[in-house]
There are 2 protein chains.
Amino acid sequence: MSDTHTILFKTLSDPTRRAIFERLCREGDKTVGALTEHAGVSQPVVSKHLRILKQAGLVSGLHEGRQTHYSAQPDALSPLRDWTAQMAEFWEGRFDALENLLKRIDQ
Amino acid sequence: MSDTHTILFKTLSDPTRRAIFERLCREGDKTVGALTEHAGVSQPVVSKHLRILKQAGLVSGLHEGRQTHYSAQPDALSPLRDWTAQMAEFWEGRFDALENLLKRIDQ
DNA sequence: CCAATTCATACCCCAATGGATATATGTTGA
DNA sequence: TCAACATATATCCATTGGGGTATGAATTGG
């Protein structure tokens, strides 16, 4: 199931990877070297995480000489925002679901 | 790193598990047997997924005789909603970040 | 009281994944 | 041209995790 939601959740489920994405959102674009400094893992691992983030559409990379500048693309988060909103929406239609359940069982 | 965000993302990253949660949001509470019917996996696997969803706070279970009724708790999604909103928020302060990057490199 | 039912737990297996190190590729500066 | 640098790729390893089957525990109906 190569679903968009699955890819997004899976990509963001790793703390190291999510931290990289957060830094790019907070502080703007950065090179691989700069990202490696505070990542707590080796440079190849950072590159691998960036590759996964890129495949998920969450970051994009631009080559400048021997450096690569990565920047966040938070628009890619919109499926997640939509999904969470939809789940909450479904729930609103049954706001008293728990009470109903308790009543049903209690009778 | 037992972070809340990590747990939520990880829990929702599995399609089978997310489908169970979605069904509970859409259709209200269900027993393990009812959930197993359309899950595509065996009952023990469904129970295991429910256990993980419960640990993440996304569902709650109530015993009624030999059945267990599970219901969704979409309020547990709020950290996700907050996180995505915050990431987008950070980004707004640098809406022209990509253009700046291109300009910087292009010069 | 016993058999069937419902769910949870235990155990095993295999694929996926995050990490490391080594190395390849490409780029700049002297 | 050549050495240093920046990044990507390759390979390996240990762990995680999702799936299955078998079985335990609890409850109900006859």
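Naming: A, B, ... by sequence-line order, numbering from 1 per chain.
- Comparing D/dG20, D/dG17, D/dA8 by their nearest atom to the side chain of B/S42 picks out D/dG20.
- Here C/dG19 is the nucleotide among C/dA10, C/dT21, C/dG19 with the atom lying nearest to any side-chain atom of A/D14.
- Within the 4.0 Å cut-off from OP1 or OP2 of D/dA6, not a single side-chain nitrogen or oxygen of A/T31 is found.
- A close approach under 4.0 Å does occur between a side-chain nitrogen or oxygen of B/H49 and OP1 or OP2 of D/dG19.
- Residue contacts shown for B/K54 are absent, as no nucleic acid heavy atom lies under 4.0 Å away.
- Look at B/D14 and A/K10 and you find no salt bridge, because none of the NZ, NE, NH1 or NH2 atoms lies under 4.0 Å from a carboxylate O.
- Checked by distance alone, A/Q43 brings a side-chain donor or acceptor within 3.5 Å of a matching partner on the base of D/dA8.
- Of the side-chain N and O atoms in A/R17, one or more sit less than 4.0 angstrom from OP1 or OP2 of C/dG18.
- Distance, B/L50 CG to C/dA8 C1': 11 Å, rounded to whole Å.
- Between B/T68 and the phosphate of C/dT6, there is no side-chain N or O to OP1/OP2 separation shorter than 4.0 Å.
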Exercise for review: Could you walk me through whether B/F90 and A/L24 pass side chain to side chain contact (heavy atoms under 4.5 Å, CB included), step by step?
Suggested key: CA-CA 9 Å; B/F90 286 138; A/L24 290 175; over 6 Å; no
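- In the interface, the side chain of B/R66 is not paired with the base of C/dC7 through any donor and acceptor atom under 3.5 Å apart.
- At the phosphate of D/dA8, OP1 or OP2 sits under 4.0 Å from a side-chain N or O atom of A/Y70.
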